[in-house]
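These notes concern the structure reproduced below.
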Amino acid sequence: MDDRYAAARRAMVNTIRRYGVQDKRVLNALLSVPRHLFVPKHLQHCAYADHPLPIGHGQTISQPYIVALMTELLLLRGNERVLEIGTGSAYQAAVLSLLCKEVYTIEFVKQLCEEAKERLKRLGYRNVHVRCGDGYFGWKEAAPFDAVIITCGTPRIPHPIIEQTKEGGRIVAPVGDPPDDLVLTRFTKTKRGLKKETFGGVLFVPMRGKVERRSSNHNR
Ligand code: SAH
């Protein structure tokens with residue numbers, strides 16, 4: 001790999017560690033994924049700064065610290081099946097692929113989805129499966145999942161996704177009113193329903209498709 005950016009990547013991971021992410025496996029995954037190859041060429045020089053960047057189609061690659069924090073909250077040990085809603089650049093998916101067994105990721109925007117497939121193949125992330133569509137419905141054929149990460153803002157967790165999560169499984173998502181009234185939330189599925197924990201305010205693009213239509217109907 002062209003490692004012109006190795007020092008910048010180490011500095012990024014040091015910042016993330018200082019912000020409080022401690023899981024060594026997560027930090028090592030971030031040290032290994034070449035984030036500059038997941039952003040548009042003209043933005044490569046700022047790929048390792050701790051902020052989100054535009055990836056086209058009005059979408060963004062998340063801030064590195066948030067990627068690390070959400071990944072840590074999934075509590076992955078290495079043997080899990082993980083579902084991601086919102087592939088975007090596929091950076092988060094690449095990070096996940098180093099920490100679990102299989103990643104299933106769904107992207108709404110067809111062109112981003114095709115680019116993500118091509119990029120993951122080129123970079124050799126073989127345990128990531130990409131599908132184009134509305135993540136609202138989850139990925140039934142690949143369920144049940146040990147962990148789910150939603151990387152777009154949503155007023156609530158779609159029902160099919162809760163159904164497709166194993167008991168004891170985690171769902172990490174920005175929940176609330178996108179883009180700026182969102183709280184990073186972890187739900188753990190138990191026999192008696194979802195246990196909820198919150199981790200502060202975050203910024204995310206809104207989830208599109210069915211969840212969006214349902215909430216606008218709801219407001220009328
Ligand atoms: N995880 C990404 C960042 C995602 S930005 C990364 O690492 O780069 C959020 C993404 O969610 C956008 O690409 C957007 O198109 C996608 N998205 C929005 N609504 C969606 C839906 N209903 N199903 C699947 N993807 C969705």
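As the structure lists them, so they are numbered: ligands from 1, and atoms in each ligand from 1. Fair warning: this is a prediction, and the values are worked out from it, not measured in the lab.
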Proximal ligand 1 atoms for [X], defined as those under 4.0 Å from one of its heavy atoms:
X: Q92; answer: 1 (N), 7 (O)
X: T151; answer: 1 (N), 4 (C), 5 (S), 9 (C)
X: I85; answer: 23 (N), 24 (C)
X: I106; answer: 24 (C), 25 (N)
X: G135; answer: 21 (C), 22 (N), 23 (N), 24 (C)

Quiz item: Is there a heavy atom of E84 sitting under 4.0 angstrom from any atom of ligand 1?
Solution: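 It does; at least one heavy atom falls under 4.0 Å.
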
Quiz item: Does at least one non-hydrogen atom of P206 fall below 4.0 angstrom from an atom of ligand 1?
Solution: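 P206 counts as a contact of ligand 1 under the 4.0 Å cut-off.
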
Please report whether ligand 1 has a polar contact with [X], defined as an N or O pair separated by less than 3.5 Å (distance criterion only).
X: Y136; answer: no
X: V109; answer: no
X: I61; answer: no
X: F108; answer: yes
X: T60; answer: no

Quiz item: Within the distance-only criterion (no hydrogens, no angle test), does the side chain of E84 pair as donor or acceptor with the backbone N or O of I149 below 3.5 angstrom?
Solution: no

Exercise. Keeping the roles fixed (side chain from R25, backbone from L76), state whether a donor-acceptor pair exists under 3.5 Å.
Key: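 Here the side-chain-to-backbone pair exists.
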
Quiz prompt | Same apolar cluster: V26 and I66, side chain cutoff 4.5 Å | solution = yes

Self-check item: Nearest neighbour of atom 2 (C) of ligand 1 from the list I55, I66, T154, T87, on a heavy-atom basis
Solution: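 Closest candidate by heavy-atom distance is T87.
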
Quiz item: Relative to atom 17 (N) of ligand 1, which among G133, G88, C152 owns the nearest non-hydrogen atom?
Solution: C152

Quiz item: Do L83 and I106 come within less than 4.5 Å of each other through their side chains, counting heavy atoms only?
Solution: yes

Quiz item: Would a 4.5 Å heavy-atom cut-off, applied to side chains only, mark S62 and M70 as touching?
Solution: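 S62 does not reach M70 side chain to side chain.
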
Practice problem: Drop me the distance from T71's OG1 to L73's CG, to the nearest 0.5 angstrom. | Solution: 8.5 Å

Self-check item: R186/E197 under salt bridge (charged side-chain N to carboxylate O under 4.0 Å, His left out): CA gap, chis, key distance, verdict
Solution: CA-CA 5 Å; R186 174 170 64 194; E197 299 160 277; 2.9 Å; yes

Quiz item: Does the ring of Y5 carry R35 above it, NZ/CZ under 6.0 angstrom from centre and within 45° of its axis?
Solution: no

Quiz item: Where does E107 meet ligand 1, judged by heavy-atom distances below 4.0 Å: at the side chain, the backbone, both, or neither?
Solution: both

Quiz item: Looking only at heavy atoms, is any part of L112 under 4.0 Å from ligand 1, and if so is it the side chain, the backbone, or both, or is it neither?
Solution: side chain

Practice problem: Report the C-alpha separation of Q164 and K140 in whole Å, then their side-chain angles, then the decisive distance to 0.1 Å, and conclude whether the side-chain contact (heavy atoms from CB on, under 4.5 Å) test is met. | Solution: CA-CA 7 Å; Q164 291 171 26; K140 211 170 173 186; 4.1 Å; yes

Quiz item: Is the count of non-hydrogen atoms from other residues, nucleotides or ligands lying under 6.0 Å from R122 atom CZ greater than 12?
Solution: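 Yes, enclosed.
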
